[in-house]
Protein chains: 2
Amino acid sequence: MITKANTLERIESLSMTDRVENTLREYLTENGFKPGDSLPNETEIAQQLNVSRNVVREALSRLRMLGMVETKTRRGMVMSQPDLLAGIEKVMNPSIMSQGNMKDIFELRLILEMGIAEFLFARKTDKDLKELEAIVLKQKGLKSLTKEDEIEFHGKLYEMTGNDTFKRFQTLLLPVFDHVFLNYFEKGIHTEFQNTSSHYDLFAILKEGTADEFRKAMHSHLTPYYSTSFQK
Amino acid sequence: MITKANTLERIESLSMTDRVENTLREYLTENGFKPGDSLPNETEIAQQLNVSRNVVREALSRLRMLGMVETKTRRGMVMSQPDLLAGIEKVMNPSIMSQGNMKDIFELRLILEMGIAEFLFARKTDKDLKELEAIVLKQKGLKSLTKEDEIEFHGKLYEMTGNDTFKRFQTLLLPVFDHVFLNYFEKGIHTEFQNTSSHYDLFAILKEGTADEFRKAMHSHLTPYYSTSFQK
DNA sequence: GATGTTTATTTGTAGGATAAATGTACTAAT
DNA sequence: ATTAGTACATTTATCCTACAAATAAACATC
């Protein structure tokens, strides 16, 4: 289909550093570099790519940040296992996030905690349940829950999935929830849904109920925070 | 409790670049920089931090990669909206991922697609359903589904959540699934669960059923790929 | 008023110099 | 022969200077 107004294509004007970064990542993956394998030294890379060592170092600096390479003086650089969440960790900051991203993150939590029900039931152990019980019993005696209490309970759930990336992901998302949580406190909204027995109920279901029940309970436990979440 | 073997505390030996990077990120967030605000120029930063301009540039290079700052010649640098997924995008490469990370990612997909049921039912529109119907009807006539077909169907679901970060996340995860999907094909395992009507069933439920039904159907649609997922 | 031209400023790139770290080879002592 | 000590070579880390490229802003020109 021919449109009347042809849009001009953006001209890619990547900096040298960008190009070297891409080249290096391709080079590493396409040549089957594995963690532990050592890379050519900086001057050699610079010469082969016909750029200054500065440019190479700026690109390498990025790869270091992502955990793709590690450098030791004299030993040179070695490939290493990239850290999946290192990059996202640095920008997961509510004070500079857009409203849109914030909303996306909130929805993500809702989706995740709804989605882990099956995992929890498939993987729960007596030890896990005991530890979780200790948490909810302690909280049952309290008048109201702090955000630390929330973190302790939900954190334990993430932990019980046995998925480390998951567990870490939660700690990344926390600052975002704190940020909004504080708003709720300021507005006094929390009082209407702060329910100290809610965590206990979730625990009880996890111990003797079904995944479906758990999901339902989790849904009503979380949705007050996200009252507008389901609207588009 | 005193342990017999005292562990030595890690000594922080961050490079100058690491420290400048952290300092800059703190500076930007704590001083309430918002997208569009302009930063001091490189030489000024270097002078104030008492480091060379090279170090500052290596740190800035990282922030540029994350989308936190943009630079224009002569105009200097301006804060910009960080890209949440830019960092993860570069390391989401199955050929250099650890088995553990791979497993985590697989489980993540399962959790996500189980968790989006509520969103889909809350946000589905007639337009969405029509488009999804076109996809599944097309696929119903096929003998078997390619990975492109899978992507088309599941991608549309992600799209229907109305969560852009989500949708992009899916495109990031795809290479990982491709990687393993190919293994299945090689082993001939796919034949036992390749079901061309499965997508249609999911669509039908989405159109007239309930979120619970949908989740159950999705569960049985996906678990064959992840037969070992629920074991710890 | 729209369009060239100059200028000043800031980033982009290059290249060299020195410091720091450390594996390796060599030497000396026991 | 093993160990301890020393010198050397290599590579990254940092710093410095210089120049190129781009461009916003001011000015000049038509």
Side-chain angles (χ1 to χ4, degrees), chain A residues 8 10-25 27-28 31 33 35-82 86, chain B residues 8 10-25 27-28 31 33 35-82 86:
Chain A
L8 289 168
R10 286 184 66 164
I11 292 178
E12 295 285 347
S13 78
L14 296 175
S15 68
M16 283 290 166
T17 303
D18 290 332
R19 282 155 61 192
V20 171
E21 183 212 324
N22 292 333
T23 304
L24 283 177
R25 273 193 292 106
Y27 170 76
L28 291 175
N31 289 78
F33 273 76
D37 296 347
S38 62
L39 279 64
N41 67 45
E42 294 176 350
T43 50
E44 199 172 320
I45 294 173
Q47 280 171 14
Q48 286 203 24
L49 299 182
N50 196 29
V51 294
S52 80
R53 196 174 142 230
N54 273 345
V55 171
V56 174
R57 279 189 60 81
E58 285 186 20
L60 287 172
S61 176
R62 297 176 175 182
L63 301 190
R64 264 195 292 276
M65 184 184 66
L66 298 175
M68 270 185 86
V69 302
E70 283 175 8
T71 60
K72 302 267 181 181
T73 330
R74 156 70 191 167
R75 274 189 55 179
M77 289 174 290
V78 295
M79 181 94 186
S80 69
Q81 197 74 71
Chain B
L8 289 168
R10 287 185 65 160
I11 292 176
E12 294 287 347
S13 78
L14 296 174
S15 68
M16 282 293 168
T17 304
D18 290 331
R19 281 155 62 191
V20 171
E21 182 212 323
N22 291 334
T23 304
L24 284 177
R25 274 193 292 106
Y27 170 76
L28 291 176
N31 289 77
F33 273 75
D37 295 347
S38 62
L39 280 64
N41 67 44
E42 295 177 350
T43 50
E44 200 170 320
I45 294 174
Q47 280 171 12
Q48 286 203 22
L49 299 182
N50 195 31
V51 294
S52 80
R53 190 160 82 101
N54 271 350
V55 171
V56 173
R57 280 189 60 81
E58 285 187 21
L60 286 172
S61 176
R62 297 176 176 183
L63 300 190
R64 265 195 294 275
M65 184 184 69
L66 298 174
M68 270 185 85
V69 303
E70 283 175 9
T71 62
K72 302 266 182 183
T73 328
R74 154 71 191 170
R75 272 190 55 179
M77 290 173 290
V78 296
M79 181 93 186
S80 70
Q81 198 73 74

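The basis for the numbers below is simple: all heavy atoms, side chains too, and nothing from hydrogens, waters or symmetry mates. Letters go in sequence order (proteins before strands), and every chain restarts at 1.
Smallest separation of non-hydrogen atoms from A:Met77 and A:Pro40: CE-O, 3.3 Å.
Remark: side-chain polar atoms of A:Asn22 are not paired, donor with acceptor, to backbone N or O of A:Arg19 under 3.5 angstrom.
The phosphate of C:dG12 has OP1 or OP2 within less than 4.0 Å of a side-chain N or O from B:Arg57. At C:dG12, one or more side-chain N or O atoms of B:Thr71 fall inside 4.0 Å of OP1 or OP2 (strictly under the cut-off). OP1 or OP2 of D:dC15 lies within a sub-4.0 Å distance of a side-chain N or O belonging to B:Ser52.
The separation between A:Asn41 atom CG and C:dT22 atom P is 17 Å, rounded to whole Å. When rounded to the nearest whole Å, the span between CG of B:Leu39 and C1' of C:dT10 equals 13 Å. The CE-C1' distance, from B:Met77 to C:dT10, rounds to 9 Å in whole Å. Here the P atom of nucleotide D:dT10 and the CD atom of A:Glu44 are 13 Å apart, to the nearest Å. The interatomic distance linking A:Glu58 (CD) with C:dA14 (C1') rounds to 12 Å, in whole Å. To the nearest angstrom, P of D:dA13 lies 12 Å from CD of A:Glu70. Going from atom NZ of B:Lys72 over to atom C1' of D:dA21 covers 15 Å, rounded to whole Å. In this structure, CG of B:Asp18 is placed 12 Å from C1' of D:dA13, rounded to the nearest angstrom.
Between the side chain of A:Asn54 and the base of C:dG12, no donor-acceptor pair of N or O atoms lies under 3.5 Å. A donor N or O paired with an acceptor N or O is not found under 3.5 Å between the base of C:dG16 and the side-chain atoms of A:Arg53.
When distances run from any side-chain atom of B:Arg64 to the nucleotides C:dA14, D:dT12, C:dG12, the shortest one goes to C:dG12. Side chain of B:Ser15, nearest nucleotide from C:dT11, D:dT14, D:dC15: D:dT14.
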Exercise for review: Given side-chain contact (heavy atoms from CB on, under 4.5 Å), test B:Leu28 with B:Asp37 step by step and report yes or no.
Suggested key: CA-CA 10 Å; B:Leu28 291 176; B:Asp37 295 347; over 6 Å; no
Review point. Can you check side-chain hydrogen bond (donor to acceptor under 3.5 Å, both in side chains) on B:Asn41 and B:Thr43, steps first, answer last?
Key: CA-CA 6 Å; B:Asn41 67 44; B:Thr43 50; 2.8 Å; yes
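Atom CD of B:Glu70 has 12 or fewer neighbouring heavy atoms from other residues, nucleotides or ligands inside a 6.0 Å radius.
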